[in-house]
S.K.: 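Before we start, here is the structure in question, set down as structure tokens.
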Amino acid sequence: MSVETIAWKQGKVTIVDQNALPGRLVFLDIRSTADLCRAIKSMKIRGAPALGAAAAFAVWLGIRNSKAKDYKALAIELKRLITLVGSSRPTARNLFWGLEKIEAALQRNRYCPVSEIKQALLQEALSLLEHDKSVSRKIGSFGQSLIKSGDRILTVCNAGALATIDYGTALGVIYAAKEKGKKVKVFACETRPMLQGARLTAWELRRHGIDVTLICDNMAATLMRQGKIDAVIVGADRIAANGDTANKIGTYSVAVLSTYHKVPFYVAAPSSTFDLCISSGEDIPIEERPREEVVSLFFKKPIAPEGIRVYNPAFDVTPQELITAIITEKGILRPPFSRNIAGKIKD
Ligand code: MRU
């Protein structure tokens, strides 16, 4: 049932065009760094873990036909490509993690002939796909222990198979609960302005046979007040050393609501989402996206007066004190997060 959001097939990178969903499942073949960077910026491929692999392949596409004769010349080209790809989207830590993995593979193979270094870079990019598949399943396996049969779970944005390679983080927990025979019901917030919840999460969960109900973002409070939500599970784009978590805009409001209504609020993310170099969420770079995303309904129909001023931050930061637990592939982290993150997350 699962689709691979990104794959290496016969000399090209194949991605699922997430902007065509839910209407059509379209696969795009991408052959250049520039095209893959455009796909990342326009969110044809998106979601933090998927961006890590996409970034690695974007560099590989640029380096594979390099005429560099030695390591030094190749390293200069690689650095330029890493800077270029690194400027595509700023918030997801995984994107930079993917680039660092490629850079490290270059360093490890610096004494090899150029052709072998190139092969090593491709192998590294491919290994990120397998790594993500395994990490997502471990997150699911740990996370499902927090879920009881009959739970009604609210989620924001899309942290599923479409945001990873083929399984998901927040939605991976739900898939793992289902695999254990638990019955869960999911409420998917539509996630304005790009509607990842409506277009992607609703599509993906239904395809996996999960009972899913779509709600507008501003309905979460009412559902919690009515006692209809047992847990919130969201993904993350970057987690600071103290546990502050950046995720899709709107996540913070849901965390505040959860605290008020005493609903557990879980974040599910791989260790590649943690940024131990920053002490708190204040230092997380927040992407601002084009005004068109807000003033038109998915670029199709105007829904605001022409020329209106727009503010469109794509992410917000949930302070760690609103988070019940962070589910990672290394286990479930609970407060105090600073100490427990430092103890478990190494890179
Ligand atoms: O702008 P997007 O669609 O890339 O934002 C994605 C999210 O906010 C996800 O929740 C996050 O990347 C985690 S995906 C497992």
Side-chain angles (χ1 to χ4, degrees), residues 2 5-6 15-19 21 39-55 88-98 131-133 135-140 143 154-175 188-201 203-205 217 232-239 245-255 265-275 281 284-290 293-294 298 312-318 323 326-329:
S2 221
T5 54
I6 173 161
I15 62 164
V16 172
D17 178 357
Q18 305 205 16
N19 289 341
L21 289 169
I40 292 172
K41 282 186 189 155
S42 61
M43 306 214 300
K44 285 181 160 63
I45 182 146
R46 45 143 304 277
L51 290 177
S88 56
R89 291 192 77 188
T91 304
R93 165 68 194 139
N94 312 59
L95 187 146
F96 301 93
W97 174 87
H131 179 261
D132 182 78
K133 290 178 188 175
V135 156
S136 286
R137 281 162 180 81
K138 285 183 192 156
I139 291 173
L154 185 135
T155 190
V156 178
C157 194
N158 172 268
L162 290 167
T164 57
I165 303 306
D166 71 346
Y167 196 72
T169 55
L171 299 192
V173 170
I174 289 161
Y175 298 143
C189 291
E190 64 176 347
T191 318
R192 278 279 292 149
M194 289 298 280
L195 304 174
Q196 290 93 330
R199 294 185 303 106
L200 307 178
T201 295
W203 178 84
E204 181 182 323
L205 287 177
D217 299 328
V232 173
I233 311 180
V234 297
D237 279 82
R238 197 182 285 239
I239 304 176
T245 294
N247 191 49
K248 181 52 55 194
I249 191 79
T251 303
Y252 171 44
S253 343
V254 171
F265 182 92
Y266 301 119
V267 172
S271 42
S272 50
T273 302
F274 287 77
D275 187 347
I284 299 179
I286 300 292
E287 176 183 14
E288 270 192 52
R289 304 252 335 148
E293 292 180 354
V294 177
F298 210 65
N312 184 17
F315 301 95
D316 57 26
V317 175
T318 297
I323 299 171
I326 305 177
I327 308 158
T328 76
E329 79 276 21

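Whatever order the structure lists ligands and atoms in, that order sets their numbers, starting from 1. In what follows, residues are counted from 1 in the order of the sequence shown.
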S.K.: Tell me, which protein residue and heavy-atom name are nearest atom 8 (O) of ligand 1, and how many Å apart are they?
M.R.: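 Minimum-distance protein heavy atom for atom 8 (O) of ligand 1 reads Asp237 OD1, 2.9 Å.
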S.K.: Closer than 4.0 Å to some heavy atom of Met43 - which atoms of ligand 1 meet that?
M.R.: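 Those qualifying, in numeric order: 1 (O).
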S.K.: Any ion pair linking Arg192 and Asp217 (charged N to carboxylate O, less than 4.0 Å)?
M.R.: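 No salt bridge links Asp217 with Arg192.
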S.K.: With a cutoff of 4.0 Å, is Met194 in contact with ligand 1, counting heavy atoms of the residue only?
M.R.: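 It does not, in that no heavy atom of Met194 comes within the 4.0 Å cut-off of ligand 1.
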S.K.: What atoms of ligand 1 come within less than 4.0 Å of a heavy atom belonging to Pro49?
M.R.: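 By the 4.0 Å cutoff, the relevant atoms are 14 (S), 15 (C).
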S.K.: With a 4.0 Å cut-off on heavy atoms, is Ala314 touching ligand 1?
M.R.: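 It does not; every heavy atom stays at 4.0 Å or beyond.
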S.K.: Report yes or no: does Val156 have a heavy atom closer than 4.0 Å to ligand 1?
M.R.: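 So Val156 does not count as touching ligand 1.
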S.K.: Show the atoms of ligand 1 that are less than 4.0 angstrom away from any heavy atom in Lys248.
M.R.: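 In order of number, 1 (O), 2 (P), 5 (O), 8 (O).
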S.K.: With heavy atoms of Arg89 as the reference, note each atom of ligand 1 found under 4.0 Å away.
M.R.: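 Answer for ligand 1: 1 (O), 2 (P), 4 (O).
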S.K.: Going by the order shown, which atoms of ligand 1 are within less than 4.0 Å of some heavy atom of Ala48?
M.R.: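 Counting atoms of ligand 1 from 1, those under 4.0 Å from Ala48 are 12 (O), 14 (S).
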S.K.: Can you sort out which atoms of ligand 1 are near Ala159, meaning under 4.0 Å from one of its heavy atoms?
M.R.: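 This gives 14 (S), 15 (C) as the contact atoms.
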S.K.: May I ask you to list the atoms of ligand 1 that are less than 4.0 angstrom from any heavy atom of Asn158?
M.R.: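 Answer for ligand 1: 9 (C), 14 (S).
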S.K.: State whether a side-chain donor-acceptor pair under 3.5 Å links Arg46 with Asn158.
M.R.: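 A pair is found: one side chain offers a donor N or O, the other an acceptor, under 3.5 Å apart.
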S.K.: Among all protein non-hydrogen atoms, which one is nearest to atom 3 (O) of ligand 1, and what is the separation to 0.1 Å?
M.R.: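 Ranking protein heavy atoms by distance from atom 3 (O) of ligand 1, first comes Arg46 NE, 2.5 Å.
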S.K.: Just need the protein heavy atom nearest to atom 14 (S) of ligand 1, so name the residue and atom and give the distance.
M.R.: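 Closest protein heavy atom to atom 14 (S) of ligand 1: Ala163 CB, 3.4 Å.
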S.K.: Any heavy atom of Ala92 sitting closer than 4.0 Å to ligand 1?
M.R.: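 It does not, in that no heavy atom of Ala92 comes within the 4.0 Å cut-off of ligand 1.
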S.K.: In the protein, what heavy atom is nearest to atom 9 (C) of ligand 1, and what distance, to one decimal place, separates them?
M.R.: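 Protein heavy atom at minimum distance: Asn247 OD1, 3.4 Å.
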S.K.: Side chain, backbone, both or neither: which applies to Gln196 and ligand 1 if a contact is any heavy-atom pair less than 4.0 Å apart?
M.R.: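 Side chain only.
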S.K.: Which one holds for Leu51 and ligand 1: side chain close, backbone close, both close, or neither close, with close meaning a heavy atom under 4.0 Å?
M.R.: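 None of Leu51 does.
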S.K.: Which protein non-hydrogen atom lies closest to atom 15 (C) of ligand 1, naming both residue and atom, and how far is it?
M.R.: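 For atom 15 (C) of ligand 1, the nearest protein heavy atom comes out as Thr169 OG1, 3.1 Å.
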